[in-house]
Amino acid sequence: MSSDGPVAAADARALFAGFAGAPALVLAVSGGPDSIALLWLMARWRRARKSGPALHVVTVDHGLRKESAAEAREVKRLAASLGLPHRTLRWTGDKPKTGLPAAARDARYRLLARAARTAGASHVLTAHTRDDQAETVLMRMARGSGLTGLAAMTDQTERDGIRIARPLLPLSKAALIATLDKAGIAYAVDPTNADPHFTRPRLRALMPVLAAEGLGPHALARLAARMARADAALELMADGAERFLALRNPGRAPDAIDAGAFMGLAEEIRVRLLLRMINAVGREGPAELGKAESLALAMEQAMEGTRSGILLKQTLAGAVISLTRHRLKIASAPPRRAASRKRP
Ligand SMILES: Nc1ncnc2c1ncn2[C@@H]1O[C@H](COP(=O)(O)OP(=O)(O)OP(=O)(O)O)[C@@H](O)[C@H]1O
């Protein structure tokens with residue numbers, strides 16, 4: 001399925017096969033070419049089946065552009081012409097000045113998950129393509145992500161208790177546009193997709209230059225798939241290492257780990273276990289990978305000397321990490337004291 005031509009019915013059947021037994025599905029359709037193609041392809045797929053999931057089309061109107069309400073109405077019109085119910089959900093919450101795309105995305109998924117629950121749908125389907133996957137890989141690289149982040153998007157994830165599925169991830173955007181052009185279906189063009197104030201459009205603009213050097217969507221998506229495979233293997237190894245450490249630790253508090261056994265693990269596994277343990281007890285959200293890497297290095301250096309007693313003690317993301325030659329302990333840090341107020 002690497003062609004940029006229109007998506008054949010047989011190819012769509014293969015992409016959607018996993019949803020045939022679902023009771024209902026929510027299709028997240030913004031009105032842009034990718035999600036309009038999702039709507040059209042799903043409608044064609046469903047029409048060709050005797051039975052199958054009920055399809056509910058949902059558009060989120062973020063209220064950020066003056067055209068958004070009209071675009072939502074266009075989606076409704078197309079859905080109606082395909083015989084599908086449509087709802088527009090409005091984002092009415094506060095719109096922050098910074099981090100607007102992330103806030104809009106959070107609100108969107110919350111609204112989509114709610115719509116799925118209301119419709120009794122098992123999944124929300126989005127129209128992410130291979131091009132989106134490639135951009136995500138570049139964004140994660142630029143942000144300094146590790147292997148887990150470079151695995152980018154998987155074909156399914158869970159959010160707000162609902163499965164988000166991305167059946168079009170193997171397809172190029174060009175194939176979706178070719179599909180719509182062939183079917184004579186119009187779509188909206190969102191100017192923020194090219195707005196250089198945002199990181200994603202800036203990276204998107206670089207794509208032709210990168211592709212000319214062999215770093216195009218295909219290569220980047222393949223990198224993501226390989227990273228996902230390696231990440232899954234390393235997570236299994238980290239599970240095994242966790243069990244191994246528990247066996248070395250009979251009868252002791254689960255936060256007191258055999259330091260020698262821990263230091264004998266591969267560095268990647270040590271870093272993963274540090275993140276798991278810190279995130280399990282820390283009160284300040286997930287620890288940063290770079291900080292866990294620095295901690296792992298500091299632990300290694302501390303173990304190299306001949307000192308005894310406490311070799312290292314530090315806090316990270318709301319957890320206290322202390323290391324002696326024999327024991328590694330990771331526990332919740334006491335809550336930070338609020339700034340003391342002077343008595344009048
Ligand atoms: N306003 C919207 N209403 C309904 N669905 C939407 C809307 N915007 C986006 N989507 C769905 O989400 C998919 C991804 O959209 P887009 O690439 O714009 O998201 P993003 O902001 O980059 O974030 P993310 O990729 O995490 O969803 C679209 O293909 C579509 O299925």
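Because only heavy atoms are used, hydrogens play no part in the values below, and waters and symmetry mates are left out as well, while side chains stay in. Order of appearance sets the numbers: ligands from 1, and atoms from 1 within every ligand.
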Fill in: atom 30 (C) of ligand 1: nearest protein contact (heavy atom, Å)
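The answer is A28 O, 3.3 Å.
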Practice prompt. Quick one: look up the protein heavy atom nearest atom 22 (O) of ligand 1 and list residue, atom name and how far away it is.
Written response: R200 NE, 3.5 Å
Worksheet item: If we ignore angles and hydrogens, is there a donor and acceptor under 3.5 Å between the side chains of T129 and R166?
Response: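 No, no side-chain donor-acceptor contact under 3.5 Å.
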Discussion item. Can a side-chain donor-acceptor contact be found between T59 and H86 if the only test is distance below 3.5 angstrom?
Written reply: yes
Practice prompt. Flag H128 as yes when one of its N or O atoms lies below 3.5 Å from any N or O atom of ligand 1, and as no otherwise.
Written response: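 Checking ligand 1 against H128, an N or O pair does fall under 3.5 Å apart.
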Discussion item. Are any of the N/O atoms on D132, whether in the backbone or the side chain, positioned under 3.5 angstrom from an N/O atom of ligand 1?
Written reply: no
Discussion item. Under a 4.0 angstrom heavy-atom cut-off, which atoms of ligand 1 come close to V58?
Written reply: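 Counting atoms of ligand 1 from 1, those under 4.0 Å from V58 are 4 (C).
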Is [X] salt-bridged to [Y], going by a charged N under 4.0 Å from an acidic O?
{"X": "R163", "Y": "D155", "result": "no"}
{"X": "R327", "Y": "D258", "result": "no"}
{"X": "R204", "Y": "D195", "result": "no"}
{"X": "R270", "Y": "E267", "result": "no"}

Nearest non-hydrogen atom to [atom] belongs to which of [options]?
{"atom": "atom 7 (C) of ligand 1", "options": "R159, H62, R108", "answer": "R108"}
{"atom": "atom 3 (N) of ligand 1", "options": "V26, T126, V60", "answer": "V60"}
{"atom": "atom 29 (O) of ligand 1", "options": "A72, A127, A104, A107", "answer": "A127"}
{"atom": "atom 26 (O) of ligand 1", "options": "R166, R105, E135", "answer": "R105"}

Discussion item. Just to be sure I read this right, does ligand 1 sit under 4.0 Å from the backbone of M153, its side chain, both, or neither, counting only heavy atoms?
Written reply: neither
Practice prompt. Report the part of V29 (side chain from C-beta onward, or backbone N, CA, C, O) that has a heavy atom under 4.0 Å from ligand 1; answer both or neither where that applies.
Written response: backbone
Worksheet item: Is there a donor-acceptor contact under 3.5 Å from the side chain of D61 to the main chain of T88?
Response: no
Practice prompt. Can you see which heavy atom on L328 is nearest to which on M277, and at what distance?
Written response: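 Closest heavy-atom pair between L328 and M277: CD2-CE, 4.2 Å.
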